[in-house]
> 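Sending over a structure as structure tokens; questions will come in a sec.
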Amino acid sequence: MVGTARRDSPFYAQLYRDVPETGWKLEQLPVVDQKDFWNANSSANNRLLTGRMSDGIVFKSGGTTGNPKFSVFTAEEWQSFTELFGQGLAANGLKKGERVANIFYAGELYASFLFITFSIYHSPAGALQFPIAGATSVEEIVHFIRDYNIDVIAGVPTSLLGIGEYLASHEGPPLAVRKILFGGESMYPDQRAFLQRVIPGVRIASIGYASVDAGLLGFADEGCGHEEHRVFGEASILEIIDEDTGEVISETRRPGKILITSLTRLLMPIIRYPAGDRAMWIDPETSVNRKFVLLGRSDEAARVGPMTLYVKDIRDILRLFWEKLGIVNFQMCIEHREKKDFLVLRIVSSLKNGTLQSFSADIVSEIYRQRPMCRELLDRGKINPVVIEWIDEKDLIINPRTGKLRVVIDNRLK
């Protein structure tokens, strides 16, 4: 796979220019820089792909940034991707005859609905699927669930919580739902407790861990706890590395950043690609399909509800105010309150007067203007408003071992 990448992909040829042809180990290969990766993966003059796009499927990738980004799978790669994820669904307790309401989102090149549709279809569990889709009104979704005696609901937590809020405010017969499978973002203890209150006895579990850019990352079996997953055997190699030194972590209970190498994709190679999450191993190194636990997002991006805000996005927005407000540094903190995520943007300014707070609304407005999905989710009640905090340099949260700034801090899992 590495040979194909360095021979046929100009991006990887440049990345591996100093890597010998033979004798190297995976951990000796350079880590992919996401900015360079996506710059190379352009629709015109592409320097990432190893060949022409001639069959398969193309999806939008990369969250909320203004630049178009896409991920491509050949027909064979897509088949493998969904079959393997479907096997993970079976390991997670999906059973033959269960009726699954798929309320993930579809359209505009989004992957989740089609990905789950194909994965359930290919799953050896043999479940019966109802492709409702996330754009359907909550009232209609609940109607379908009741009308067809749905056993399982699969969707993003924001949609699932919308169902819960509807059930809490509308009378009606109880649902027959026994299982909720969520994906795309984390579901936190207060959200789980709320759903279990309005749907008594329901089991809530991750549908699995994957992304359209990184591919297969992990599956959850029935023995996995909150935020726990297992690696996908021989389909991918998941590494956890020290965020400061790049050292590969093999021991348990030591946090680090996830890198993923897909062993099933050649057209768009994914080799030591940062998945954007932090994790730590739970099982010993010798374990089959070794178990790990997710610890929130890494510095590549901040996941706020179903939306991804990249550090570069926020930096570009703040650059508009940089000189006027004397902005020196910033941190992105992801918080969670009243069952909703929100971004707290902590900003350091060299100005020491009382006028800074008056510009907070201007910065928030610019975030909403450049990232309309943020405004849309706020208006729909799916996230809380962006909060601006003006702080002193000494108040920045840093790595106590290295003194390095922690640009993205996920406080939701504390």
Side-chain angles (χ1 to χ4, degrees), residues 43 53 55-65 68-75 77-86 88-89 92 94 98-123 125 127-145 147-148 150-164 166 177 179-187 206-217 268 303-308 371-377 379-383:
S43 55
M53 296 189 294
D55 68 5
I57 195 163
V58 174
F59 292 113
K60 180 180 177 181
S61 184
T64 61
T65 59
K69 298 175 180 178
F70 69 92
S71 286
V72 58
F73 297 79
T74 66
E77 290 168 352
W78 177 249
Q79 178 89 0
S80 173
F81 189 19
T82 54
E83 282 183 353
L84 289 166
F85 200 82
L89 293 175
N92 201 7
L94 191 65
E98 284 189 321
R99 298 179 168 217
V100 184
N102 180 352
I103 61 168
F104 280 94
Y105 278 81
E108 299 183 29
L109 301 185
Y110 289 141
S112 60
F113 179 80
L114 283 176
F115 175 61
I116 296 304
T117 299
F118 276 75
S119 296
I120 293 175
Y121 178 79
H122 288 306
S123 175
L128 180 64
Q129 187 169 189
F130 293 77
I132 297 171
T136 308
S137 70
V138 175
E139 185 176 8
E140 283 185 284
I141 291 173
V142 172
H143 171 75
F144 282 130
I145 290 171
D147 201 37
Y148 291 100
I150 298 295
D151 304 295
V152 183
I153 312 175
V156 295
T158 48
S159 298
L160 297 166
L161 290 166
I163 293 172
Y166 180 89
V177 175
K179 193 182 304 177
I180 286 174
L181 298 175
F182 67 89
E185 54 183 300
S186 294
M187 184 177 285
S206 168
I207 199 167
Y209 179 34
S211 71
V212 69
D213 49 357
L216 293 168
L217 287 155
M268 181 176 163
R303 187 78 171 180
V304 183
M307 171 188 61
T308 301
R371 300 294 172 259
M373 184 179 182
C374 189
R375 176 83 250 181
E376 178 188 346
L377 289 170
D379 291 343
R380 290 165 52 200
K382 301 302 183 184
I383 61 175

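In this chain, numbering begins with 1 at the start of the sequence shown. Atoms considered below: every heavy atom in the structure, side chains included; atoms not considered: hydrogens, waters and symmetry mates.
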> If only side-chain N and O atoms count, and only distance matters, is there a donor-acceptor pair under 3.5 Å linking Glu140 with Ser137?
yes
> Establish, yes or no, whether a centroid distance under 6.0 Å links the rings of Phe130 and Phe144.
no
> Could you grab the distance from atom OG of Ser71 to atom CD1 of Ile57, nearest 0.5 Å is fine?
11.5 Å
> To the nearest 0.5 angstrom, please state how far the CD1 atom of Ile180 sits from the CE atom of Met187.
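It comes to 6.0 Å.
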> Angle class for the Phe59/Trp78 ring planes (parallel below 30°, perpendicular above 60°, tilted otherwise)?
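Because their plane-to-plane angle lies in the 30° to 60° range, the rings of Phe59 and Trp78 count as tilted.
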> Hey, could you give me the OG1/OH distance between Thr82 and Tyr121, rounded to the nearest 0.5 Å?
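So the OG1 of Thr82 and the OH of Tyr121 are separated by 10.5 Å.
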> What residues form a side-chain hydrogen bond (donor to acceptor under 3.5 Å, both in side chains) with Arg99, not counting sequence neighbours?
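Partners of Arg99 by the side-chain hydrogen bond (donor to acceptor under 3.5 Å, both in side chains) criterion come out as none, since no residue qualifies.
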> Just jot down the side-chain hydrogen bond (donor to acceptor under 3.5 Å, both in side chains) partners of Ser186, sequence neighbours excluded, or say none.
Glu227
> Look up atom CD in Glu185 and atom OG in Ser206, then write down how far apart they are to the nearest 0.5 Å.
11.5 Å
> How many angstroms lie between NE2 in His143 and CD1 in Ile145, if you round to the nearest 0.5 Å?
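Taking NE2 in His143 and CD1 in Ile145, the distance rounds to 11.0 Å.
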> Is it the case that the side chain of Thr136 and the backbone of Ala133 share a donor-acceptor pair, with hydrogens and angles ignored and the cut-off at 3.5 Å?
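Yes: the side chain of Thr136 pairs with the backbone of Ala133.
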> Using the side-chain hydrogen bond (donor to acceptor under 3.5 Å, both in side chains) criterion, which residues pair with Asn92? Sequence neighbours excluded.
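side-chain hydrogen bond (donor to acceptor under 3.5 Å, both in side chains) list for Asn92, sorted by chain: Arg203.
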> Only pairs under 3.5 Å count here: list side-chain donor-acceptor contacts from residues 100-107, not counting sequence neighbours, and write none if there are none.
unit_1: Asn102; atom_1: OD1; unit_2: Phe104; atom_2: N; d: 3.1
unit_1: Asn102; atom_1: ND2; unit_2: Phe113; atom_2: O; d: 3.4
unit_1: Asn102; atom_1: ND2; unit_2: Thr117; atom_2: OG1; d: 3.1
unit_1: Asn102; atom_1: ND2; unit_2: Gln129; atom_2: OE1; d: 3.1
unit_1: Tyr105; atom_1: OH; unit_2: Gly134; atom_2: O; d: 3.4
unit_1: Tyr105; atom_1: OH; unit_2: Arg380; atom_2: NH2; d: 3.1

> Taking side-chain hydrogen bond (donor to acceptor under 3.5 Å, both in side chains) as the definition, give me every residue that meets it alongside Lys382, ordered by chain and number, with sequence neighbours left out.
none
> Could you tell me the separation between the SG atom of Cys374 and the CD1 atom of Ile383, rounded to the nearest 0.5 Å?
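The CD1 atom of Ile383 is 4.0 Å from SG of Cys374, to the nearest 0.5 Å.
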> Scan residues 151-161 for pairs that pass salt bridge (charged side-chain N to carboxylate O under 4.0 Å, His left out), counting only residues two or more places apart or in two chains.
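As it turns out, the salt bridge (charged side-chain N to carboxylate O under 4.0 Å, His left out) pairs with a partner in residues 151-161, which skip direct neighbours, are Asp151-Arg178.
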